Amino acid sequence: MNVLLTGGAGYIGTHVAVELLESGHGVVVVDNLSNSRAEAVRRVERITGRSVACYIGDCADRALLERVFAEHRIDAAVHCAGLKAVGESTERPLLYYRNNLDALLTLCETMSAHGVRSLVFSSSATVYGDPERVPIPEDAPLSATNPYGATKLFAERVLADLAAAAPDWRIIALRYFNPVGAHPSGLIGEDPNGVPNNLFPYIAQVAAGRREKVLVYGDDYDTPDGTGVRDYLHVVDLARGHVAALERLGDAYGMRAYNLGSGHGVSVLEAIAAFERASGRPIPRQVVARRPGDIAVCYADPSAAHRDLGWKTTLTLDEACADTWRWQSANPNGFAG
Ligand code: NAD
Ligand code: WQD
């Protein structure tokens with residue numbers, strides 16, 4: 001398959017590109033580099049020994065997408081492009097709604113105009129809001145607790161309506177839990193701008209001596225050690241989930257959503273301990289107040305993805321920590337070199 005991969009220069013997109021290329025598919029990237037660097041795509045080429053056509057521009061730019069479809073035979077799209085910082089989305093909601101929804105709508109319109117009806121969409125466990133129970137199955141109630149989450153919820157709605165109106169579409173929304181880790185080559189990984197919002201890149205920067213200590217957001221949750229529990233999965237496993245989804249789209253008409261998670265909950269303190277083991281370094285931490293909007297526990301019921309896509313996680317948290325540490329140590333300034 002020849003796959004249009006939006007957001008292909010980003011953290012998840014680069015890993016998806018590697019797994020697609022290594023499975024024998026072709027990849028055409030569209031990315032506006034608003035949160036990434038072109039060097040990341042060159043690293044994908046280095047890992048795989050394959051070349052990747054890369055268009056630097058916005059998915060909401062219809063003329064650009066028209067050019068991509070004119071210059072390549074596209075069989076399917078994987079739509080990873082989007083803004084993803086929860087805090088920023090609360091401060092700049094219009095930016096998030098405009099960017100994330102315009103990109104999706106323009107992509108779907110252009111696909112439709114060119115007769116391409118197969119789409120895998122980067123959704124998120126954020127669509128479950130504050131879950132009533134864990135593990136979370138796909139039919140759990142959906143809600144949004146911030147504008148970023150609302151963009152994912154609305155996007156899923158758009159896709160469901162599209163599939164209902166035009167039954168020749170085949171759409172899979174993949175609801176990611178907490179992707180962590182890096183490619184084992186150490187050539188690609190997460191490269192956040194400024195202070196990381198998420199736990200793993202923050203821990204990695206503390207281990208590397210770039211930051212003093214991890215701030216643990218609350219130890220008074222109703223969890224075994226009082227800290228927040230999440231479902232961390234290796235980004236390479238996550239990326240393989242996209243290949244599985246694309247390859248199983250086949251004649252699966254309509255729109256379906258699948259959880260991509262390990263099914264296991266890990267606390268903040270357990271995550272720090274795993275990273276200490278992998279890096280061989282002590283990781284100073286300090287417990288501070290809860291982060292507003294955080295939930296206590298979130299982990300997936302990933303059985304539907306196993307049943308229908310033949311996918312499950314195979315890599316451990318220790319492997320994710322070792323791979324993050326390799327990436328962080330070899331690239332202390334990320335892709336900036
Ligand atoms: P990322 O920021 O590293 O990658 C997103 C990429 O999309 C970036 O390269 C950015 O430059 C590009 N982009 C953003 N808006 C664009 C636009 N309008 N046109 C073209 N390119 C655009 O983030 P990521 O972690 O790789 O996330 C990829 C997708 O997965 C996002 O949709 C995100 O919401 C979703 N997701 C991520 C996580 C996570 O924890 N990383 C969890 C759940 C869902
Ligand atoms: C994990 C745990 C924090 C940072 C977010 C988005 C979600 C999804 C993934 C895109 C929590 C604790 C964190 C720190 C800490 N993204 N923590 N100190 O909040 O589960 O999910 O990213 O869709 O939508 O909300 O991930 O990595 O921020 O936090 O103690 O410096 O680590 O309280 O328990 P989260 P996270």
Side-chain angles (χ1 to χ4, degrees), residues 5-16 29-38 40-41 55-61 64-65 78-87 89 95-96 98-104 106-107 121-129 144-146 148-149 151-152 155 173-180 189-193 195-203 205-206 211 213-219 221 223 227-233 235 238-239 242 260 265-269 271-272 285-299:
L5 174 60
T6 73
Y11 172 47
I12 291 165
T14 46
H15 291 84
V16 171
V29 166
V30 173
D31 197 302
N32 65 8
L33 304 185
S34 58
N35 195 38
S36 53
R37 289 172 186 267
V41 180
Y55 292 77
I56 308 301
D58 204 291
C59 294
D61 178 346
L64 174 75
L65 291 195
V78 175
H79 184 45
C80 294
L83 296 174
K84 63 164 182 178
V86 171
S89 81
L95 172 71
Y96 272 67
R98 171 67 69 193
N99 187 77
N100 290 1
L101 296 174
D102 252 7
L104 176 74
T106 309
L107 174 67
F121 172 66
S122 294
S123 189
S124 166
T126 191
V127 299
Y128 298 117
T145 52
N146 56 69
Y148 164 72
T151 69
K152 293 296 180 194
L174 296 175
R175 295 177 178 158
Y176 311 159
F177 280 67
N178 290 58
V180 296
E190 193 166 8
D191 182 19
N193 273 329
V195 184
N197 299 308
N198 298 114
L199 180 65
F200 254 72
Y202 204 105
I203 294 178
Q205 293 192 4
V206 172
R211 302 193 187 274
K213 60 194 169 195
V214 177
L215 301 178
V216 176
Y217 296 145
D219 67 353
Y221 286 107
T223 61
T227 66
V229 166
R230 296 290 183 276
D231 185 336
Y232 299 100
L233 77 161
V235 65
L238 181 85
H242 296 68
L260 293 187
V266 168
S267 75
V268 175
L269 296 181
I272 294 174
R285 84 289 312 262
Q286 182 189 346
V287 177
V288 297
R290 292 180 180 192
R291 183 170 62 180
D294 269 358
I295 56 178
V297 182
C298 177
Y299 56 93

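No experiment lies behind these values; they were computed from the predicted model shown. All values below were derived from every heavy atom in this structure, side-chain atoms included, with hydrogens, water molecules and symmetry-related copies excluded. Note that ligands are numbered from 1 as they come in the structure, with each ligand's atoms numbered from 1 the same way.
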Taking every heavy atom of N146 against every heavy atom of S89, the minimum-distance pair comes out as OD1-OG, 3.9 Å

Quick check: do [X] and [Y] have side-chain heavy atoms less than 4.5 Å from each other?
| X | Y | value |
| --- | --- | --- |
| Y148 | N100 | yes |
| S267 | T223 | no |
| I295 | R230 | yes |
| S36 | D191 | no |
| V30 | L65 | yes |
| P196 | R211 | yes |
| Y217 | V288 | yes |
| V206 | R285 | no |

If we only consider heavy atoms of [X], is any one of them less than 4.0 Å away from an atom in ligand 1?
| X | value |
| --- | --- |
| G57 | yes |
| A60 | no |
| A40 | no |
| N178 | no |

To the nearest 0.1 Å, how far is atom 11 (O) of ligand 1 from its closest protein heavy atom, and which atom is that?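 Atom 11 (O) of ligand 1 sits closest to the protein heavy atom D31 OD1, 2.7 Å.
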
Does [X] approach ligand 1 within less than 4.0 angstrom via side chain, backbone, both or neither, non-hydrogen atoms only?
| X | result |
| --- | --- |
| A125 | neither |
| L33 | backbone |
| E190 | neither |

Please check whether [X] reaches ligand 1 - meaning an N/O of the residue sits under 3.5 Å from an N/O of the ligand, judged on distance alone.
| X | result |
| --- | --- |
| C59 | yes |
| S124 | no |
| F177 | no |
| I12 | yes |
| Y176 | no |

Would you mind telling me which of L215, V214, V216 makes a side-chain contact (heavy atoms from CB on, under 4.5 Å) with L199?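 Considering L215, V214, V216, a side-chain contact (heavy atoms from CB on, under 4.5 Å) with L199 is found only for V214.
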
Does the [X] side chain pair with the main chain of [Y], one donor and one acceptor, at a distance under 3.5 Å?
| X | Y | answer |
| --- | --- | --- |
| N32 | S34 | yes |
| Y96 | A85 | yes |
| T14 | Y11 | yes |

Within the 4.0 Å heavy-atom shell around [X], which atoms of ligand 1 are there?
| X | result |
| --- | --- |
| G10 | 3 (O), 4 (O), 9 (O), 26 (O) |
| S36 | 8 (C), 9 (O), 11 (O) |
| G7 | 6 (C), 7 (O) |
| Y148 | 33 (C), 34 (O), 35 (C), 36 (N), 44 (C) |
| S123 | 43 (C), 44 (C) |

Considering only heavy atoms, which protein residues lie less than 4.0 Å from any atom of ligand 2?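 Lining ligand 2: V86, S124, T126, Y148, N178, N197, N198, L199, L215, V216, Y217, G228, R230, Y232, V268, R291, D294.
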
Please compare A85, P179, G82 and report which has the shortest non-hydrogen distance to atom 5 (C) of ligand 1. G82

Which option out of V30, N32, N99, N100 puts a heavy atom nearest to atom 21 (N) of ligand 1? N32

Enclosure of R290 CZ (heavy-atom neighbours >12, cutoff 6.0 Å): yes

Please list, chain by chain and in numerical order, all residues satisfying side-chain contact (heavy atoms from CB on, under 4.5 Å) with N193, sequence neighbours excluded. N35

